[in-house]
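Below you'll find the structure, written out as structure tokens, and then a few comments.
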Amino acid sequence: MRVFKFGGASVKDGDAVRNVVRVLQEVGYKDTLVVISAMGKTTNAMENVVECYFNDKNGINAAIQEVVDYHNGILANLFENPKHPIYGQVKVLFDEVKGFLAWNKSPKYGFVYDQVVGYGELLSTTIISAYLNEVGLVNTWLDVRNLIKTDNTYRDAQVNWERTQQEVAAKIDRSKLNITQGFLGSDDNNFTTTLGREGSDYTAAILAYCLNAESVTIWKDVPGVLNADPRNFDTAQLLEQISYREAIELAFYGASVIHPKTLQPLQRKEIPLHVKSFLNPKDMGTTVGKGVGIVPKVPCFIVKKNQVLLKLSSLDFSFIVEDNISEIFKLLADHRLKVDLIQNSAISFSVCLDNKFKGLPLLLEELKKKFKVVCHEDVSLYTIRHFDDDAVKSLQNGKSVLVEQRGKETVQLVVK
């Protein structure tokens, strides 16, 4: 069985959904499980609904209506009959969102976020499954929350692999075309959980692992894995082959084409991952698998923007020793700040952080009790794998470099 994953850009409107049909017709769709993200920027729009719920109650209806109008526009484009049952199915989903927001008693942001934002994937798959059936691609719609079981770490749930494998084995008919959601799971109380932003790639890998799939294909709006993000770099080159190890390195440093957690379950069972263009589905794309490190071997550029650089030093000029470092990392974990780079000397410690869970203000309060703290916000972390002098100079040119760190294969620069 194969696993396909289509992201938000590949299903952003009626024409994009028709293109998904074209891709499936060109490459085949029997014995295939298709994982689909929310349409277009729906996740962002649903996040706005959650923000209104907590901070602007008067804006909730308008925020929801924006999502309703967007999906109704896609429905009208795909289904000529305004009495088609899909309209009622979509209305039910929006009624569920409104009902949850009306009756929810939990003050926890993460819990509310997962219950609301997850409807983006439920909407997209409900619409696309109905359209595929309409054009003759008979399929089975599956609720991934009944397949992927997790703990209750909302917004970043951890998979219960044993239970997930049991559910997948019992509930997926391998002989059919199956449609399900990315990004989502459910906890022991059957509340929706999410696997982290961009978690649909991870969903595909989880299901592939449990199914012993022959391959996973991620369909993107780029030709495959490139050596640089074309949105940030002028020249970008297709990487034809990448080993699991190399791809995990690129993902760890923040390469946006592959989710950092996606590769690990695939590597364990040596399931090849293909990254291909949904615009040109017959093109070669990139294959990630066992063996060759990277072909062609060229410098690979990765950038993480909106990072935070903290420079800590002891108040009395004493050494930064193991006990200090242990305490610092405990505080980082407690406030959910992801570490991207560290550098330390005898009396100082620098760390570049991702503040996606907004824990920085409380962290700074704690750190200032024991350390002198210099905080640089809105910095960028550049990573070059397989660097050469020209590659490094191209990034240093005209930028203020706050931290530089070099290894045998990798150089990292924190710049303002």
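- Ion pairing between a basic and an acidic side chain is recognised when a charged N comes within 4.0 Å of a carboxylate O; Arg145 and Asp187 show no such pairing.
- Here the shortest heavy-atom pairing between Gln307 and Cys352 reads CB-SG, 3.8 Å.
- Side chain to side chain, Tyr382 and Gln412 fail the donor-acceptor criterion of an N or O pair below 3.5 Å.
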Stepwise side chain to side chain donor-acceptor pair (under 3.5 Å) check, Ser200 with Thr203:
CA-CA 5 Å; Ser200 292; Thr203 302; 5.2 Å; no
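- Not less than 6.0 angstrom separates the ring centroid of Phe278 from the ring centroid of Phe6.
- Within a 6.0 Å sphere centred on NZ of Lys171, other residues, nucleotides and ligands contribute more than 12 heavy atoms.
- In this structure, the side chains of Leu132 and Ile179 come closer than 4.5 Å at one or more pairs of heavy atoms.
- The two atoms that bring Ile342 and Phe349 nearest to each other are CG2-CZ, 4.1 Å, heavy atoms only.
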Trace of the ring pair (Phe, Tyr, Trp, His ring centres under 6.0 Å) decision for Phe54 with Tyr109:
CA-CA 8 Å; Phe54 282 100; Tyr109 184 93; 5.2 Å; yes
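- Within the model, atoms NZ of Lys311 and CG of Asn344 stand 13.0 Å from one another, a figure rounded to the nearest 0.5 Å.
- Shown here for Thr140 and Lys176, the closest heavy-atom pair between the two residues is OG1-CD, 3.7 Å.
- Salt-bridge formation is detected for the pair Glu270/Lys290: a Lys NZ or Arg NE/NH1/NH2 atom is positioned less than 4.0 Å from an Asp or Glu carboxylate oxygen.
- Closest approach of Met46 and Val97 over heavy atoms only: CE-CG2, 4.4 Å.
- Ion pairing of Lys304 with Asp340 is present here, as a side-chain N (NZ or NE/NH1/NH2) and a carboxylate O approach within less than 4.0 Å.
- Between the side chains of Thr193 and Asp114, no donor N or O sits under 3.5 Å from an acceptor N or O.
- Paired with Leu207 under the rule side-chain contact (heavy atoms from CB on, under 4.5 Å), one option of Asn178, Ile148, Leu142 passes, and it is Ile148.
- More than 12 heavy atoms of other residues, nucleotides or ligands shown are found within 6.0 angstrom of NZ on Lys57.
- For Gln181 and Thr125, the side-chain atoms include at least one donor-acceptor pair closer than 3.5 Å.
- Contact check for His335 versus Phe357: no side-chain heavy atoms found under the 4.5 Å cut-off.
- At a threshold of 4.0 Å, the pair Lys276-Asp283 does not count as salt-bridged, since none of the basic side-chain nitrogens sits closer than that to a carboxylate oxygen.
- Between Asn355 and Lys338, the side chains place no donor N or O within less than 3.5 Å of an acceptor N or O (distance only, hydrogens not considered).
- For Asp69, the CG atom is densely surrounded, since the number of other residues' heavy atoms within 6.0 Å is greater than 12.
- Surrounding NZ of Lys416 are more than 12 heavy atoms belonging to other residues, nucleotides or ligands, all under 6.0 Å away.
- Ion pairing of Glu366 with Lys368 is absent here, as no side-chain N (NZ or NE/NH1/NH2) approaches a carboxylate O to less than 4.0 Å.
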Before giving the answer on salt bridge (Lys or Arg N to Asp or Glu O under 4.0 Å), spell out for Asp188 and Arg163 the whole-Å C-alpha distance, their side-chain angles and the decisive distance to 0.1 Å.
CA-CA 10 Å; Asp188 288 341; Arg163 285 198 59 199; 3.0 Å; yes
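- Taking the ring pair (Phe, Tyr, Trp, His ring centres under 6.0 Å) definition, one finds that Phe191 meets it with Phe111, sequence neighbours left out.
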Take Glu246 and Arg385 through the test salt bridge (Lys or Arg N to Asp or Glu O under 4.0 Å) and record every step on the way to the result.
CA-CA 9 Å; Glu246 181 64 35; Arg385 286 280 292 167; 2.8 Å; yes
Result block: side-chain N/O donor-acceptor pairs under 3.5 angstrom for residues 323-333, not counting sequence neighbours:
unit_1: Asn324; atom_1: OD1; unit_2: Val321; atom_2: N; d: 2.9
unit_1: Glu327; atom_1: OE1; unit_2: Lys370; atom_2: NZ; d: 3.0
unit_1: Lys330; atom_1: NZ; unit_2: Asp334; atom_2: OD2; d: 2.9

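- Side-chain atoms of Arg18 and Asn77 include a donor-acceptor pair closer than 3.5 Å.
- For the pair Lys105 and Phe100, the cation-pi criterion (under 6.0 Å, within 45° of the ring axis) is not fulfilled.
- With hydrogens and angles ignored, the 3.5 Å screen pairs no side-chain donor or acceptor of Lys98 with any backbone N or O of Phe94.
- Here the side chains of Leu353 and Leu363 are in contact, with some heavy-atom distance below 4.5 Å.
- Geometrically, Arg22 does not engage Trp219 in a cation-pi contact defined by less than 6.0 Å to the ring centre and at most 45° from the axis.
- Counting heavy atoms from C-beta outward, Leu360 and Leu337 have side chains that approach closer than 4.5 Å.
- In the displayed structure, Arg268 atom CZ is contacted under 6.0 Å by more than 12 heavy atoms of other residues, nucleotides or ligands.
- There is no side-chain donor-acceptor pair under 3.5 Å between Ser106 and Asn104.
- Nearest heavy atom pair, residue Leu195 against residue Ile206, reads CD1-CD1, 4.0 Å.
- For the pair Glu26/Lys282, a side-chain contact is recorded, criterion being any heavy-atom separation below 4.5 Å from C-beta on.
- Contact detail for Tyr119 and Leu93: the closest heavy-atom pair is CE2-O, 3.6 Å.
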